[in-house]
Amino acid sequence: QVQLVESGGGLVQAGGSLRLSCASSGRTFSRGATAWFRQAPGKEREFVAGISWSGGNTVYADSVKGRFTISKDNVKNTVYLQMNYLKPEDTAVYYCAASFRLLNISLRRGLYDYWGQGTQVTVSS
């Protein structure tokens with residue numbers, strides 16, 4: 001059974017930084033794709049960033065390009081989301097999601113099989 005556990009959320013002022021972590025137990029991120037999604041109050045869950053199993057390919061939402069970086073450590077079986085220059089509109093619950101069958105990164109949340117419990121990120125103005 002696969003479990004994804006996020007950590008690293010918190011409260012930060014606009015312009016600040018946070019690093020989210022997503023640790024997998026039960027299975028490694030050696031296949032498929034892993035992504036971060038976020039959901040703000042009253043809004044749908046949206047794609048933020050994704051990374052291929054090899055780490056060689058990454059995809060970002062336009063709203064976070066140049067500010068967020070997704071990476072992975074296959075030894076630690078952990079995926080990270082480094083978030084810089086945070087804005088109040090980045091406030092949301094951030095979720096890690098994984099699929100071990102995707103051949104490419106997908107922006108569609110329905111294609112990810114495993115989800116973490118979410119971690120709250122709040123950016124004050």
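Small disclaimer: the values here were computed from a predicted structure and weren't measured.
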Between side-chain atoms of residues 79-88 and protein atoms elsewhere (two or more places apart, or another chain), which donor-acceptor pairs fall under 3.5 Å?
unit_1, atom_1, unit_2, atom_2, d
Gln82, NE2, Asn84, OD1, 2.9
Asn84, OD1, Ser17, OG, 2.9

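- Distance check, rounded to the nearest 0.5 Å: CZ of Phe68 to OG of Ser63 gives 7.5 Å.
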I'd like a table of donor-acceptor pairs (distance under 3.5 Å, sequence neighbours excluded) in which one partner is a side-chain atom from residues 43-50, with atom names and distances.
unit_1, atom_1, unit_2, atom_2, d
Arg45, NE, Gln39, OE1, 3.3
Arg45, NH2, Gln39, OE1, 3.3
Glu46, OE2, Arg38, NE, 2.7
Glu46, OE2, Arg38, NH2, 3.3

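- In this structure, the side chain of Ser99 does not engage the main chain of Tyr112 through any donor-acceptor pair within 3.5 Å.
- There is no side-chain donor-acceptor pair under 3.5 Å between Thr91 and Glu89.
- With hydrogens and angles ignored, the 3.5 Å screen pairs a side-chain donor or acceptor of Asp73 with a backbone N or O of Lys76.
- The salt bridge (charged side-chain N to carboxylate O under 4.0 Å, His left out) pairs that include a residue from residues 108-119 are Arg101-Asp113, where partners are two or more places apart or lie in different chains.
- Surrounding CG of Leu103 are at most 12 heavy atoms belonging to other residues, nucleotides or ligands under 6.0 Å away.
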- Message: Could you go through Trp36 and Cys96, starting from their C-alpha distance and side-chain angles, then the distance that decides it, and tell me whether this counts as side-chain contact (heavy atoms from CB on, under 4.5 Å)?
- Response: CA-CA 5 Å; Trp36 288 94; Cys96 175; 4.0 Å; yes

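- For the residue pair Leu18 and Val12, the shortest heavy atom distance occurs at CD1-CG1, 4.0 Å.
- In this structure, CH2 in Trp53 is found 8.5 Å from CG in Asn74, a value given to the nearest 0.5 Å.
- Residue pairs meeting the salt bridge (charged side-chain N to carboxylate O under 4.0 Å, His left out) criterion with at least one member in residues 3-12: none, sequence neighbours excluded.
- Not counting sequence neighbours, Tyr60 has no partner by the ring-ring contact (aromatic ring centres under 6.0 Å, His included) test.
- The ring-ring contact (aromatic ring centres under 6.0 Å, His included) test applied to Tyr94 returns no partner, not counting sequence neighbours.
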